[in-house]
Amino acid sequence: AGAEPIGLLTTLLVPPSATEDDIARVADELSAAAKAANVEIIGGHTEVTDAVTRMITSAAVIAKAGERGILTTGGMKEGDSIVLSKWACLEGTAIIANDFADRLDGISQSELEEARGYMSYVSVVREGLYAYANGAHAMHDVTEGGVFGAAWEMSEASGVGIEIDAAKVPLKPATQKICAALGLDPFRLLSSGAMLIACPDGETLANGLMQMGINAAVIGRAGGKGVRTANGDMIAPPGADELYKLYK
């Protein structure tokens, strides 16, 4: 939404089987994540409970909006460029590399390690603040349902169609190999860490993000009716994320 995060409240639910070292590890991870996002942990709650079988965190962020207020997913305008930050499928790829490595024949150990490291990309704070300050009309973080799902949601919220050029959606080589090995659609795979940004001048905004060290590409435009690919195929509303196919 383009607001600057200033405070984080975290709840940690801990199963009775967890050790103090387990809790310390999560606390250290929370501290590192907060430092990376330049936000203070200002409170929360920790509880040991048999209601959970593994540690669960829930967080609420307090943020300060700028002079334009907050941006919504529904602010996209006809003619806007659609920019994607970083790469699609970052979190989905990392989860698969961690949880389903035994199914990934043909994927090297170095590729698996690289893929697991994609979790370090999941924050979209920096590109959100930059896009807000540089004329973005709408933003939507790409989570379950992938790029196609996020595009459909942004279109629905804005009442404006979107055309996505799938060939321009940036994908890491390891993501492409892992999706191909498991028969998954990379455009509908969990993509936390990527942000869809609707703005008047996508090339300028993407170049600015690149200069900050954040990969970005113009992948489409707003206009017309419905959500479609560059060759005119209609994109269906988001269903279950591709990741869930692996848990059956």
Novice: Could you walk me through whether Ile219 and Leu196 pass the side-chain contact (heavy atoms from CB on, under 4.5 Å) test, one step at a time?
Specialist: CA-CA 9 Å; Ile219 65 167; Leu196 272 188; 3.8 Å; yes

Novice: Look at atom CD of Gln176 and say whether more than 12 heavy atoms of other residues, nucleotides or ligands are closer to it than 6.0 Å.
Specialist: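 Atom CD in Gln176 is crowded, with more than 12 foreign heavy atoms closer than 6.0 Å.
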
Novice: In Å, rounded to the nearest 0.5 Å, how long is the span from OG of Ser191 to CG of Leu84?
Specialist: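 Answer rounded to 0.5 Å: 7.5 Å.
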
Novice: For Ser58 and Thr11, does a side-chain donor sit closer than 3.5 Å to a side-chain acceptor?
Specialist: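 No, because no side-chain N or O of Ser58 sits under 3.5 Å from a partner of the opposite role on Thr11.
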
Novice: Look at the side-chain heavy atoms of Ile, Leu, Val, Met, Phe, Trp and Tyr, link any pair under 4.5 Å apart, and say whether Phe187 and Ile82 land in one connected group.
Specialist: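 The answer is yes; both residues are in one hydrophobic cluster.
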
Novice: Nearest heavy-atom pair of Gly149 and Pro238: which atoms, and what distance?
Specialist: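 Heavy-atom minimum between the residues: CA-CB, 3.8 Å.
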
Novice: Restricting to non-hydrogen atoms, name the atom on Met139 and the atom on Thr73 that form the minimum distance, rounded to 0.1 Å.
Specialist: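 Nearest pair, atom of Met139 first, then Thr73: O-OG1, 3.5 Å.
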
Novice: Any heavy-atom pair between the side chains of Thr57 and Val26 that's under 4.5 Å?
Specialist: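 A side-chain contact under 4.5 Å exists here.
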
Novice: Does Ile42 reach the side chain of Leu8, with side-chain heavy atoms less than 4.5 Å apart?
Specialist: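 Not touching, per the 4.5 Å side-chain cut-off.
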
Novice: Using modelled atom types only, decide if a donor and an acceptor are shared between the side chain of Ser158 and the backbone of Met76 within a distance under 3.5 Å.
Specialist: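 Confirmed, Ser158 side chain pairs with Met76 backbone.
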
Novice: Are Phe100 and Ile178 connected in the hydrophobic side-chain network, where two residues link if heavy atoms are under 4.5 Å apart?
Specialist: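 Per the 4.5 Å side-chain linkage, Phe100 and Ile178 are co-clustered.
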
Novice: For Glu113 and Ser110, test the side chains for any donor-to-acceptor distance below 3.5 angstrom and give the result as yes or no.
Specialist: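 No, no side-chain donor-acceptor pair sits under 3.5 Å.
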
Novice: What closest approach, in Å, do Asp241 and Gly145 show between heavy atoms, and which atom pair accounts for it?
Specialist: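 Reported closest heavy-atom pair: OD2-N, 2.8 Å.
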
Novice: Less than 6.0 Å separating the ring centroids of Trp87 and Tyr118?
Specialist: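 No, the ring centres sit 6.0 Å or more apart.
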
Novice: With Glu67, which residues qualify under side-chain hydrogen bond (donor to acceptor under 3.5 Å, both in side chains), at least two apart?
Specialist: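 With neighbours one apart ignored, the set is empty.
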
Novice: Report the C-alpha distance between His140 and Met195 in whole Å, list the side-chain angles of each, state the deciding distance to 0.1 Å, and finish with yes or no for side-chain contact (heavy atoms from CB on, under 4.5 Å).
Specialist: CA-CA 6 Å; His140 190 34; Met195 180 93 87; 5.8 Å; no

Novice: Heavy atoms, side chains only, cut-off 4.5 Å: are Val83 and Cys199 in contact?
Specialist: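 In contact.
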
Novice: Are Val218 and Glu203 side-chain neighbours, meaning at least one heavy-atom pair lies under 4.5 Å?
Specialist: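 Val218 reaches Glu203 side chain to side chain.
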
Novice: Under a 3.5 Å distance rule, please check whether Thr93 uses its side chain to pair with a backbone N or O of Cys89 as donor and acceptor.
Specialist: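 Side chain of Thr93 to backbone of Cys89: a pair is present.
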
Novice: Would you check if the side chain of Glu111 reaches a backbone N or O of Ser108 as a donor-acceptor pair within less than 3.5 Å?
Specialist: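 The answer is yes, because a donor-acceptor pair under 3.5 Å joins these two groups.
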
Novice: With hydrophobic residues grouped by side-chain heavy-atom distances under 4.5 Å, do Ile41 and Ile23 end up in a single group?
Specialist: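 Ile41 clusters together with Ile23.
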
Novice: If you measure from CG on Asp185 to CD on Glu242, what distance do you get to the nearest 0.5 Å?
Specialist: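 One gets 5.0 Å once the value is rounded to the nearest 0.5 Å.
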
Novice: Let me know which of Ile235, Val169, Val142 forms a side-chain contact (heavy atoms from CB on, under 4.5 Å) with Phe148.
Specialist: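 Filter result, single survivor: Ile235.
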
Novice: State whether a side-chain donor-acceptor pair under 3.5 Å links Asn207 with Thr204.
Specialist: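 Note: Asn207 and Thr204 side chains miss the donor-acceptor criterion.
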
Novice: So do the side chains of Asn215 and Leu209 get within less than 4.5 Å of each other, counting heavy atoms only?
Specialist: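 They are not in contact (no side-chain heavy atoms under 4.5 Å apart), so the answer is no.
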
Novice: Testing the basics here: between Ala216 and Met210, what is the closest heavy-atom pair and its distance to 0.1 Å?
Specialist: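 Closest pair (atom of Ala216, atom of Met210, distance): N-SD, 3.4 Å.
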
Novice: Count I, L, V, M, F, W, Y as connected when their side-chain heavy atoms are under 4.5 Å apart, and connections chain through other members. Are Leu189 and Leu90 then in the same cluster?
Specialist: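 No, separate clusters.
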
Novice: Val48, Leu12: one ILVMFWY side-chain cluster at the under-4.5 Å cut-off?
Specialist: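 In one cluster with Val48: Leu12, yes.
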
Novice: To the nearest 0.5 Å, what is the distance between CE (Met234) and NZ (Lys225)?
Specialist: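 One finds 10.5 Å between CE of Met234 and NZ of Lys225.
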
Novice: Residues in side-chain hydrogen bond (donor to acceptor under 3.5 Å, both in side chains) with Glu127, at least two apart?
Specialist: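 Only Ser85, Lys86 meet the side-chain hydrogen bond (donor to acceptor under 3.5 Å, both in side chains) criterion with Glu127.
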
Novice: Does Arg228 reach the main-chain N or O of Asp233 with its side chain, forming a donor-acceptor pair under 3.5 Å?
Specialist: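 No, the answer is negative, given that no donor and acceptor are paired below the 3.5 Å cut-off.
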
Novice: Can you find a heavy atom in the side chain of Arg25 that is under 4.5 Å from one in the side chain of Glu20?
Specialist: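 The answer is no; the side chains never approach within 4.5 Å.
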
Novice: Determine whether Tyr130 and Gln211 satisfy the following criterion, side-chain contact (heavy atoms from CB on, under 4.5 Å), listing intermediate values before the conclusion.
Specialist: CA-CA 11 Å; Tyr130 179 85; Gln211 290 173 17; over 6 Å; no

Novice: Report the C-alpha distance between Thr19 and Asp22 in whole Å, list the side-chain angles of each, state the deciding distance to 0.1 Å, and finish with yes or no for side chain to side chain donor-acceptor pair (under 3.5 Å).
Specialist: CA-CA 5 Å; Thr19 66; Asp22 293 331; 3.2 Å; yes

Novice: Suppose we screen for ring-ring contact (aromatic ring centres under 6.0 Å, His included). Which residues come up paired with Trp152, at least two apart in sequence or across chains?
Specialist: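 With neighbours one apart ignored, the set is empty.
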
Novice: Checking the side chain of Glu163 only, and the main-chain atoms of Arg221 only, is there a donor and an acceptor separated by less than 3.5 Å?
Specialist: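 Judged by distance alone, no pair lies under 3.5 Å.
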
Novice: Give the minimum heavy-atom separation between Leu243 and Gly92, together with the two atoms involved.
Specialist: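 For Leu243 versus Gly92, the nearest heavy atoms are CD1-O, 4.4 Å.
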
Novice: As a quick check of understanding, evaluate side-chain contact (heavy atoms from CB on, under 4.5 Å) for Arg68 and Leu71, giving each step before the final call.
Specialist: CA-CA 8 Å; Arg68 298 167 59 198; Leu71 293 188; 3.5 Å; yes

Novice: Side chains of Asn231 and Thr229: do they bring a donor and an acceptor to under 3.5 Å?
Specialist: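 There is such a pair (donor and acceptor under 3.5 Å, judged by atom type) between the side chains of Asn231 and Thr229.
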
Novice: Kindly indicate whether the side chain of Ile214, heavy atoms from C-beta on, has any atom under 4.5 Å from the side chain of Arg126.
Specialist: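 In short, these two side chains touch, coming nearer than 4.5 Å.
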
Novice: Look up atom CE in Met55 and atom OG1 in Thr46, then write down how far apart they are to the nearest 0.5 Å.
Specialist: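 Answer for the CE-OG1 pair, Met55 versus Thr46, is 10.5 Å.
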
Novice: State whether the number of non-hydrogen atoms from other residues, nucleotides or ligands found under 6.0 Å of Asn98 atom CG is greater than 12.
Specialist: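 Result for CG/Asn98: enclosed.
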
Novice: Between Arg103 and Leu246 (side chain of the first, backbone of the second, donor and acceptor by atom type, cut-off under 3.5 Å), is there such a pair?
Specialist: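 Looks like yes, one N/O pair under 3.5 Å.
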
Novice: Within the structure provided, determine whether Pro200 and His137 are in side-chain contact (heavy-atom separation under 4.5 Å).
Specialist: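 They are in side-chain contact.
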
Novice: Calculate, to the nearest 0.5 Å, the distance between atoms CD and OG1 belonging to Glu153 and Thr143 respectively.
Specialist: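 Answer rounded to 0.5 Å: 6.5 Å.
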
Novice: To the nearest 0.5 angstrom, please state how far the CD atom of Glu47 sits from the CG atom of Leu13.
Specialist: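 Atom-to-atom, Glu47:CD and Leu13:CG are 6.0 Å apart.
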
Novice: Do you know the tightest heavy-atom contact between Ala217 and Lys168?
Specialist: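 Distance-wise, the nearest heavy atoms are CB-O, 4.0 Å.
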
